[in-house]
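Contents: one structure, followed by commentary.
The basis for the numbers below is simple: all heavy atoms, side chains too, and nothing from hydrogens, waters or symmetry mates. Within every chain, numbering begins at 1; the chains are lettered A, B, ... in the order of the sequence lines, protein sequences first and strands thereafter.
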Amino acid sequence: MNLLEGLTPELVVFVLAGAVCIVGALGVVLNANPVHAALSLVATLFGVAVLFLAQEANFLAAVQIIVYAGAIVVLFLFVLMLLGVDRAEDLSIDALGRGQRVAAGIVGLGILALPLLALASTGGEATGARPPTTAPNAIDKTTPDINQLGESLFTTYLLAFELTSVLLVIAVVGAVVLARKVKRADYVEDPLVPTVSEAPR
Amino acid sequence: MTGSIAQVTPAWYLVLASVVFAIGAVGLLVRRNPLVMFMCVELMLNAVTLTFVTFSRMLNDVNGQTVVVFVLVVAAAEVVVGLGIIVALLRKQPTATADDLTVLKG
């Protein structure tokens with residue numbers, strides 16, 4: 001028996017996409033240049049999208065690429081480029097003295113240990129719930145996942161769906177209010193806005 | 001015969017999601033650039049959506065995937081408002097770190 005016999009396609013996909021996810025996540029944290037961090041974030045988002053595909057969430061995988069990689073990361077890069085803050089950060093500066101990174105490492109290990117302990121204590125199940133056999137919201141393998149998702153979204157979660165439209169309107173109004181130029185330019189030290197005295201008449 | 005390691009159980013996905021979540025949390029704590037801190041929040045959100053999809057398959061319930069749609073919407077709204085705040089801050093002070101967000105105090 002050879003070594004390749006144990007390799008199922010799902011295992012290969014999981015290992016490759018998982019490696020991309022973790023390398024991308026480490027890249028976000030460890031890259032001094034924020035532009036490189038944003039590009040590492042794309043790698044992680046892509047890895048998560050592949051893992052969605054591997055778990056038969058095809059629509060969500062497409063949405064993950066379109067919304068996250070296509071819109072959110074591009075928004076990050078727009079802000080970085082337009083404001084010209086894309087220079088590398090000095091990572092050797094520890095804001096609160098030496099203790100902060102040690103404390104952050106301990107907190108991170110704790111955050112990692114909690115779910116792993118929960119998984120280990122339940123034998124890899126992490127939940128006591130059992131898969132329903134005839135529930136109305138059970139995944140039906142014969143219909144596309146986008147149909148079931150749409151049905152769930154527009155029946156069970158209709159109120160929540162309508163509320164997200166309110167949330168999006170509030171977010172757009174908030175962004176416009178926050179990002180507009182301040183009118184009373186003489187009261188702020190803004191290098192981009194000329195003060196009243198030096199403004200052209 | 002296939003080896004026992006070949007079975008990718010849902011627990012593997014949950015472990016991977018916890019690792020990504022922990023990396024994002026540590027990044028949020030150690031980085032000082034507000035934009036990079038935001039990217040770390042996105043990492044944590046993505047780890048959580050991965051667990052939702054995993055539980056959706058594990059428990060055979062499509063509502064887990066519906067929640068992921070809402071997480072996406074909330075993430076988009078949060079990024080828009082957060083980047084608005086960061087733009088307002090960085091325009092005043094291009095070298096601002098997270099500590100300088102205290103200028104937001106009313």
Student check: side-chain heavy atoms of B:Val62 and A:Asp145 closer than 4.5 Å:
no
Is A:Ala54 in contact with chain B via its backbone, its side chain, both, or neither, using a 4.5 Å heavy-atom distance?
both
Honestly, the part of A:Phe14 sitting under 4.5 Å from a heavy atom of chain B is side chain
Could you check which of A:Leu51, A:Thr44, A:Val67 has the highest count of heavy-atom pairs closer than 4.5 Å to chain B?
A:Leu51
Just do the side-chain contact (heavy atoms from CB on, under 4.5 Å) check on B:Leu72 and A:Tyr68 with the steps written out, would you?
CA-CA 8 Å; B:Leu72 273 169; A:Tyr68 263 111; 3.2 Å; yes
Got a second to check how far [X]'s [atom1] is from [Y]'s [atom2], nearest 0.5 Å?
X: B:Phe21; Y: A:Leu112; atom1: CZ; atom2: CG; result: 11.0 Å
X: A:Leu82; Y: B:Leu90; atom1: CG; atom2: CG; result: 12.0 Å
X: A:Gln55; Y: B:Phe52; atom1: CD; atom2: CZ; result: 13.5 Å
X: B:Leu14; Y: A:Leu116; atom1: CG; atom2: CG; result: 10.0 Å

What are the residues of residues 159-166 of chain A, in order of number, with any heavy atom under 4.5 angstrom from a heavy atom of chain B?
A:Ala160, A:Phe161, A:Thr164
Can you pull out the residues in residues 26-33 of chain A with any heavy atom less than 4.5 Å from chain B?
A:Leu26, A:Val28, A:Val29, A:Leu30, A:Asn31, A:Ala32
Stepwise side-chain contact (heavy atoms from CB on, under 4.5 Å) check, B:Leu50 with A:Phe52
CA-CA 7 Å; B:Leu50 183 57; A:Phe52 282 0; 3.9 Å; yes
For chain A, find which of [options] contributes the most heavy-atom pairs closer than 4.5 angstrom.
options: B:Val80, B:Val26, B:Leu43; answer: B:Leu43
options: B:Val36, B:Val73, B:Ile86, B:Leu28; answer: B:Val73
options: B:Thr54, B:Val74, B:Ile85; answer: B:Thr54

For the side chain of B:Glu42 and the backbone of A:Ile72, is there at least one donor-acceptor N/O pair under 3.5 Å apart?
no
